[in-house]
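None of the values given here were measured: they were computed from a predicted structure.
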Amino acid sequence: MVRIDLLLSGLTACIALIGYLPLQAYLDPFARLFFPVALLLAVYLQVKGRALPPRVLTPASILLFLYLAAQFSLSNLVPVTSDLLVVFLGVRLMGERLGRNYLQAFALSLFCLAASSLYEISAVFLVYLFSLLLLVAVGLVLLTFHAQDPSTVLPKQEAKRVLTVAALMPVASLPLLLLLFFVLPRTQYPMWNFLNGPAGKKTGLSDTVQPGTSSVVSETKGVVLRAVTPKVPEQKLYWRAVVLNAFKKDAWVREKVAGDAQSVTRGNPVLQEIYPERSATPYLPALNVTRTVTGLRNEAASDAIFVSRRPLDKKVRYLAESVLADTLQTKRIARDFYLKLPEPVSERMRAEGRTVARSGRNAEEKMTALEAFFRGQHLRYANTDLPVGGDPLDAFLFDRKRGNCEYFASCYAILLRLAGVPSRLVGGYRGGTYNDVGGYYVVTEDMAHVWVEAYLDGAGWRTVDPSAWALGTVRSTQAGGLAMYLDMVGFYWDKAVVTYDLDKQIALVRNAGTKARNLRLPPWFGNVLLLSLPVLGGVILLALWYRQRPPTVEARLLRRMLRLLAKRYPGEIKGDEGLFELSARLHDRHLARFAALYGAAVYRDRPLTRGEAAQLEEILREASQDRP
């Protein structure tokens, strides 16, 4: 036997948990801790058959509201609202187990799940959503039993049947949900986006490079982008995002350059379909060197940098065309601009720059000499115990000899400028994890990287990565195991669902219209269609007749008799009388013979014999010819 109140309470706890889990990572510590404590207390009270009375919960709710509402501001509207929803859900669970309280718990759980979508909509969100809808549907059915009598007890088989039927309701609605997903119009911009604060996620990419600001660089594994593209050679796996060409004191920054000609990249294009994560930076990374970016409104700079015209505060998609070249060709540059130096440059670096300047006649020979110097210094790649304060670049190059890509690239570019070779930094990402099943790269924050471009007269900007001259640089990896499949599911969820917007709807309709207009049928198709229509209509009518035909001889004979009686005695046949009662009331001799013969067989649980069926057919024929 199954008690409805216990089943409903357990179901409500599961519903509340599903509403809380996707939101808990974004909650204030108080709300995050409050809910599990409230849930455990609710379970304890359920076991003891007790509940906290309204005179306790109402003042507590008011105090909690005042405490949390005091933190309201325009910048944290969503976080505080999320905290309030979760706290009120916890309070509701500890209250009396009334029908309206259960409904409030269901509604609060749905609101919590909806609030989580303001932070993240991944494939897991679909699992939460469907699970919640399924349980809420079952809960509403149980509530109808609870409303009649909270102490209702069902046998196990009956309870199982009720739960199964209730669970099938949302399952049956899935085809309708899928249809609505494709046909309902979408807004171009998120309806609730104004509730979202500025994107706080850092990609690891910055438009300022200043080595020496911290002795430790912490690595995070957050995904930056996924790019659908064929595999490319490991040494070409650079994702170009931003060029830093000037100094603001000792920091590399990006400035507009007057006098640079447009850059040109020649070679075989590599196409990429890129899905970046939400980011605070407007730069659009793509394989080095990017030639064009389409699918998203952007501005292209002369140094092959592409900047989005709108904030990347929602998941978008763009197409990039790159050439895996190591030289970005350009006819002219503002040479003096690319030879400027930062304010502090140590005397040891200046001396090394002069040595390199004397080492060769052209830029390539100077670069070769500088590479030899770097290798001879035995520099190590590291993200901890980095030089800070004073002159960190001088300390890195001559004393500590350990640093990350910012130290390598900054020192190399400055030494190039000291030797008279124009140079600049390029910020982006190095490496990528290739998902063989999905056919795409995953680039993460810890792959953020800085390298150098040196200008060679007559050639253009040559890509050089000084970090490659040390051990411990970033290398791409191969995705594998369950994580590869989970990431692929999430990626294609984003690709098919999250980025399915008004533009895609319009494209879908246009494609369907184009295909319909271009549909070419063979010449004989029309004649065959005309000839087959009557045949098809006949088959349909025959199928309908057969479907409505009584399944047995006995049923068919009885229906013919009733139809015949309806014609002989208009308005006399009511349909709620037995055959013998009808015969006694109408005093029809044909009906009397029919009822006696029919009843002797059918009402004694045996089928009609062939002879009895023939006799009944004869009675029907005589009755049809006899007028009353």
Side-chain angles (χ1 to χ4, degrees), residues 8-46 51-54 56-140 143 190-197 199-201:
L8 188 58
S9 296
L11 200 65
T12 304
C14 293
I15 290 172
L17 197 58
I18 292 175
Y20 163 77
L21 284 177
L23 196 57
Q24 62 92 19
Y26 308 101
L27 294 173
D28 181 82
F30 171 75
R32 190 183 306 161
L33 181 64
F34 181 87
F35 178 82
V37 171
L39 183 61
L40 290 175
L41 183 57
V43 172
Y44 172 78
L45 293 173
Q46 174 69 45
L52 295 183
V56 174
L57 289 180
T58 301
S61 299
I62 294 173
L63 290 175
L64 289 170
F65 174 80
L66 293 175
Y67 167 71
L68 294 171
Q71 305 170 37
F72 262 125
S73 70
L74 289 178
S75 61
N76 67 349
L77 193 59
V78 172
V80 175
T81 304
S82 302
D83 292 344
L84 278 171
L85 286 172
V86 167
V87 168
F88 284 163
L89 179 58
V91 170
R92 191 71 286 162
L93 293 177
M94 294 184 290
E96 294 177 319
R97 295 164 193 87
L98 305 176
R100 66 171 185 276
N101 290 351
Y102 283 120
L103 287 175
Q104 289 173 3
F106 295 168
L108 286 169
S109 302
L110 285 169
F111 286 147
C112 288
L113 184 63
S116 73
S117 69
L118 295 174
Y119 294 98
E120 182 66 45
I121 300 181
S122 64
V124 181
F125 178 81
L126 180 66
V127 177
Y128 281 122
L129 177 62
F130 185 71
S131 302
L132 193 60
L133 293 178
L134 187 73
L135 295 184
V136 168
V138 176
L140 291 175
L143 265 180
M191 187 175 296
W192 298 97
N193 198 45
F194 72 95
L195 289 175
N196 269 324
K201 189 175 182 180

Here the gap from L89 atom CG to M94 atom CE, rounded to the nearest 0.5 Å, amounts to 10.0 Å

Can you find a side-chain donor-acceptor pair between Y20 and S109 that sits under 3.5 Å? no

I need the L21 CG to L17 CG distance, nearest 0.5 Å. 4.0 Å

Inter-residue atom distance L103.CG - L140.CG, 0.5 Å rounding: 6.5 Å

I need the L57 CG to I62 CD1 distance, nearest 0.5 Å. 11.0 Å

Closest approach of A42 and R97, non-hydrogen atoms and distance? O-NH2, 3.8 Å

Start with the C-alpha distance between T12 and L135, add both sets of side-chain angles, then the distance that settles side-chain contact (heavy atoms from CB on, under 4.5 Å), and finish with yes or no. CA-CA 8 Å; T12 304; L135 295 184; over 6 Å; no

Test of understanding: with side-chain hydrogen bond (donor to acceptor under 3.5 Å, both in side chains), list the residues that count as partners of Q104, not counting sequence neighbours. R92

Does the pair Y26 and R32 meet the rule for a side-chain contact (heavy atoms from CB on, under 4.5 Å), with working shown? CA-CA 9 Å; Y26 308 101; R32 190 183 306 161; over 6 Å; no

Is the shortest side-chain heavy-atom distance between P53 and V56 below 4.5 Å? yes

Any side-chain heavy-atom pair of L132 and I15 under 4.5 Å: yes

Considering all heavy atoms of both residues, which atom of G95 and which atom of A51 are nearest to each other, and what is their separation? O-CB, 3.5 Å

Heavy-atom check, side chain of L39 versus side chain of F35, under 4.5 Å: yes

Point-to-point distance, once rounded to the nearest 0.5 Å, from CG of L45 to CD of E96: 11.5 Å

What I'd like to find out is whether the side chain of P22 reaches to under 4.5 Å of the side chain of L113, using heavy atoms alone. yes

Could you tell me whether the side chain of D83 and the main chain of A31 form a donor-acceptor pair under 3.5 Å? no

Over all atoms of both residues, closest heavy-atom pair of G19 and C112: O-CB, 3.2 Å

With a 4.5 Å heavy-atom cut-off, do F34 and V91 have their side chains touching? yes

So with a 6.0 Å cut-off around CZ of F111, is the heavy-atom count from everything else above 12? no

Hey, does S82 have a side-chain heavy atom less than 4.5 Å from the side chain of V86? no

Answer yes or no: does atom CZ of F30 have more than 12 heavy-atom neighbours from other residues, nucleotides or ligands under 6.0 Å? yes

Point-to-point distance, once rounded to the nearest 0.5 Å, from CG of L23 to CD1 of I18: 14.0 Å

